[in-house]
Structures are given as structure tokens and as C-alpha cells.
Amino acid sequence: MKKENDFFNDVYDVVRQIPAGRATSYGAIAAYLGQKRGARMVGWAMGNSYNKQGVPAHRVVNSQGILSARHLFGTPTAMQERLESEGVNVKNDKIQNWKERFWDPEKELH
DNA sequence: GGTATGACTGTAT
DNA sequence: GATACAGCCATAC
């Protein structure tokens, strides 16, 4: 039997709450889940669900606001274009105004 | 249970 | 700024 309160489930739940036009980092999600060093797990979890609907994985980037996983979206520009269509300026695979675009689950969901 | 891997992060060089 | 290394944790074999 599989736990419904999976680590993945928590990750998906947080990612789903990211508002359009914003983005967060793996580390922030991991920290919110109490696993400050579990950023890799967040990415790993997403890797098993990036094709899952309802999970805007394109709104999750690394700590520098870089679209580290753009290459996994089918096309190298899919992630960037999707973010731009939501109002996020992306340049060189990096989110502009990252500090202001950053959505911190610890603060927003506190 | 040991080893390898991973959409990460931070520090050091 | 780029490269190298270490840390952390869950999953797969």
C-alpha cells in the first residue's frame, strides 16, 4: 500500500499552489516540507510527474531562477515560452526579476 | 543493505 | 564566472 501523504504528493500540492506569473525553487519547496537538503528529491519527484497535468513544473526552477529542466519539456523552449506566456520574463533560460518573482511557500502558505 | 543516480545547493579554488 | 567537490535524502537495482 502506498501512502497518500507521499513526499511526492506534498511536492505536487505545493507546486499546484504556485500562482501564475510566479515561480519557486526546489530548495524552497524542500525547506517547506522540512527537508532543507532535499531539493534533489523535489526535482526527482517532479521528474516522475513533469508530464502529469495539474503540476506546473515549469514554475519550479533552481535557486538562481534558472530553468534547469527546460530540456525535459519536449522542446528546449517549451518551459521558457510557457513562463513568458504567464507573464514571467525569461532571458537566457533565466527568470528576470527573480527576487520579485520568487514565490516562497514558507511565507505564502505559512 | 550497499551502490548508483538525480529538474539541487553551497562553498572552495 | 566556471569548474570541482561535498552534503543531503529518496528511489531503483
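Below, chains carry the letters A, B, ... as their sequence lines are ordered, and counting in each starts from 1.
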For residues 24-32 of chain A, dump all side-chain donor-acceptor pairs below 3.5 Å to protein atoms at least two apart in sequence or in another chain.
| from | atom 1 | to | atom 2 | distance (Å) |
| --- | --- | --- | --- | --- |
| A/T24 | OG1 | A/W103 | O | 2.8 |
| A/S25 | OG | A/A28 | N | 3.2 |
| A/Y26 | OH | A/V60 | O | 3.2 |

Do A/V15 and A/V11 pass the side-chain contact (heavy atoms from CB on, under 4.5 Å) test, and can you show the C-alpha distance, the side-chain angles, and the key distance before you say yes or no?
-> CA-CA 6 Å; A/V15 175; A/V11 174; 4.1 Å; yes
Could you give the distance separating C/dC13 and B/dA7 at their C1' atoms, to the nearest angstrom?
-> 22 Å
Are A/S63 and B/dC8 close enough that a side-chain N or O sits under 4.0 Å from OP1 or OP2?
-> no
Scan A/V60 against the nucleic acid and name what it touches under 4.0 Å (heavy atoms): base, sugar-phosphate only, or nothing.
-> base
Base, sugar-phosphate, or nothing: which does A/G27 touch, judged by heavy atoms less than 4.0 Å apart?
-> sugar-phosphate
Between A/V42 and A/F7, the two heavy atoms sitting closest are N-CE2, 3.9 Å
Please assess A/N89 against A/E84 for the test side-chain contact (heavy atoms from CB on, under 4.5 Å), listing each intermediate value before the final yes or no.
-> CA-CA 5 Å; A/N89 294 321; A/E84 288 182 327; 5.9 Å; no
Return the value, rounded to whole Å, for the distance between atom CG of A/N62 and atom C1' of B/dA7.
-> 9 Å
Check step by step if side-chain contact (heavy atoms from CB on, under 4.5 Å) holds for A/I95 and A/L67.
-> CA-CA 8 Å; A/I95 296 178; A/L67 286 53; 3.9 Å; yes
Nucleic acid contacts - residues 15-24 of chain A versus DNA chain C, non-hydrogen atoms under 4.0 Å = none
Selection residues 15-37 of chain A - residue pairs positive for salt bridge (charged side-chain N to carboxylate O under 4.0 Å, His left out), sequence neighbours left out | none
Pairwise salt bridge (charged side-chain N to carboxylate O under 4.0 Å, His left out) hits with a residue in residues 90-110 of chain A, at least two apart | A/R70-A/D93
Terminal contacting nucleotides, 5' and 3', DNA chain C versus chain A (heavy atom, 4.0 Å) | C/dG7 to C/dT11
Pairing residues for A/L72 by the side-chain contact (heavy atoms from CB on, under 4.5 Å) criterion, not counting sequence neighbours = A/A69
Residues of residues 78-104 of chain A with a heavy atom under 4.0 Å from any atom of DNA chain B, listed by number, are none
Counting any heavy atom closer than 4.0 Å, what does A/A57 reach on the DNA or RNA strands: base, sugar-phosphate only, or nothing?
-> base
Pairs flagged by salt bridge (charged side-chain N to carboxylate O under 4.0 Å, His left out) wherever residues 26-35 of chain A is involved - sequence neighbours left out = none
ring-ring contact (aromatic ring centres under 6.0 Å, His included) filter on A/F73, not counting sequence neighbours, yields none
For A/W44 and B/dA4, give me the distance from atom CH2 to atom P, rounded to whole Å.
-> 18 Å
side-chain contact (heavy atoms from CB on, under 4.5 Å) partners of A/T75, counting only residues at least two apart = A/T77, A/A78
For DNA chain C, which residues in residues 28-37 of chain A have a heavy atom at a distance below 4.0 Å?
-> A/Q35, A/R37
Test side-chain contact (heavy atoms from CB on, under 4.5 Å) applied to A/V88 and A/V90, step by step = CA-CA 6 Å; A/V88 179; A/V90 179; 4.2 Å; yes
Could you give all pairs that pass the salt bridge (charged side-chain N to carboxylate O under 4.0 Å, His left out) test and reach residues 45-61 of chain A, with sequence neighbours left out?
-> A/R59-A/E86
